[in-house]
Amino acid sequence: MLIKLTNATLEHQGNNIYLNPDWIVAVFQTTQQEGGSLTTLVYGGPQATTWTVDESPEQIQRLVNTLKD
């Protein structure tokens with residue numbers, strides 16, 4: 001199963017991104033360089049990729065837990 005998140009990178013902002021929760025290693029929030037707003041980074045995958053998404057770490061945790069239950 002995959003979880004659906006909202007891409008927050010400038011080039012793909014607002015597009016859906018589907019991730020395999022089994023490959024997620026870490027989820028954390030940071031401040032964006034431009035604008036100073038909070039953004040969430042999801043780290044993982046076979047090549048240690050980082051995705052920037054709109055959802056909070058807590059929202060992502062709920063999505064993952066829903067799939068695992």
Side-chain angles (χ1 to χ4, degrees):
M1 301 292 300
L2 301 174
I3 59 170
K4 180 175 95 170
L5 302 173
T6 308
N7 202 322
T9 58
L10 188 57
E11 306 85 37
H12 304 288
Q13 194 165 21
N15 292 340
N16 292 333
I17 181 170
Y18 297 88
L19 298 176
N20 181 341
D22 293 332
W23 286 96
I24 295 174
V25 175
V27 177
F28 58 97
Q29 225 168 20
T30 188
T31 304
Q32 285 185 334
Q33 297 286 344
E34 299 171 15
S37 61
L38 286 176
T39 189
T40 302
L41 300 175
V42 179
Y43 174 80
Q47 298 160 338
T49 304
T50 301
W51 299 274
T52 305
V53 299
D54 288 335
E55 289 76 13
S56 70
E58 294 80 17
Q59 289 172 308
I60 296 169
Q61 181 180 16
R62 280 193 294 275
L63 286 170
V64 170
N65 288 343
T66 300
L67 286 179
K68 304 267 183 195
D69 291 339

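Here the structure is a predicted model, which means the values were calculated and not measured.
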Testing I60, T39, I3 one by one against V53 for a side chain to side chain contact (heavy atoms under 4.5 Å, CB included), which residue passes?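 The single option meeting the side chain to side chain contact (heavy atoms under 4.5 Å, CB included) with V53 is I60.
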Do you know which of L63, N16, D54, T40 makes side chain to side chain contact (heavy atoms under 4.5 Å, CB included) with L5?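 Single pass found, and it is L63.
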Quick one, L41 and V27 - any side-chain contact, counting heavy atoms below 4.5 Å?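 They are not in side-chain contact.
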To check you understand the geometry: which heavy-atom pair defines the closest contact between L67 and P21, and what is its length?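 Taking L67 first and P21 second, the nearest heavy atoms are CD1-CG, 3.7 Å.
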Minimum heavy-atom distance Y43-W51, with the two atoms named: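 Heavy atoms of Y43 and W51 come nearest at C-CZ3, 4.5 Å.
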Rounded to the nearest 0.5 Å, what's the gap from [atom1] on [X] to [atom2] on [Y]? Could you check?
{"X": "N7", "Y": "N15", "atom1": "CG", "atom2": "CG", "result": "6.5 Å"}
{"X": "T66", "Y": "Q61", "atom1": "OG1", "atom2": "CD", "result": "10.0 Å"}
{"X": "E58", "Y": "N65", "atom1": "CD", "atom2": "CG", "result": "12.0 Å"}
{"X": "M1", "Y": "N20", "atom1": "CE", "atom2": "CG", "result": "10.5 Å"}
{"X": "L38", "Y": "T31", "atom1": "CG", "atom2": "OG1", "result": "5.0 Å"}

Check this for me: Q47, atom CD, are more than 12 non-hydrogen atoms of other residues, nucleotides or ligands nearer than 6.0 Å?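 Open: at most 12 neighbouring heavy atoms sit under 6.0 Å from CD of Q47.
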For the side chain of Q29 and the backbone of S56, is there at least one donor-acceptor N/O pair under 3.5 Å apart?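 Absent.
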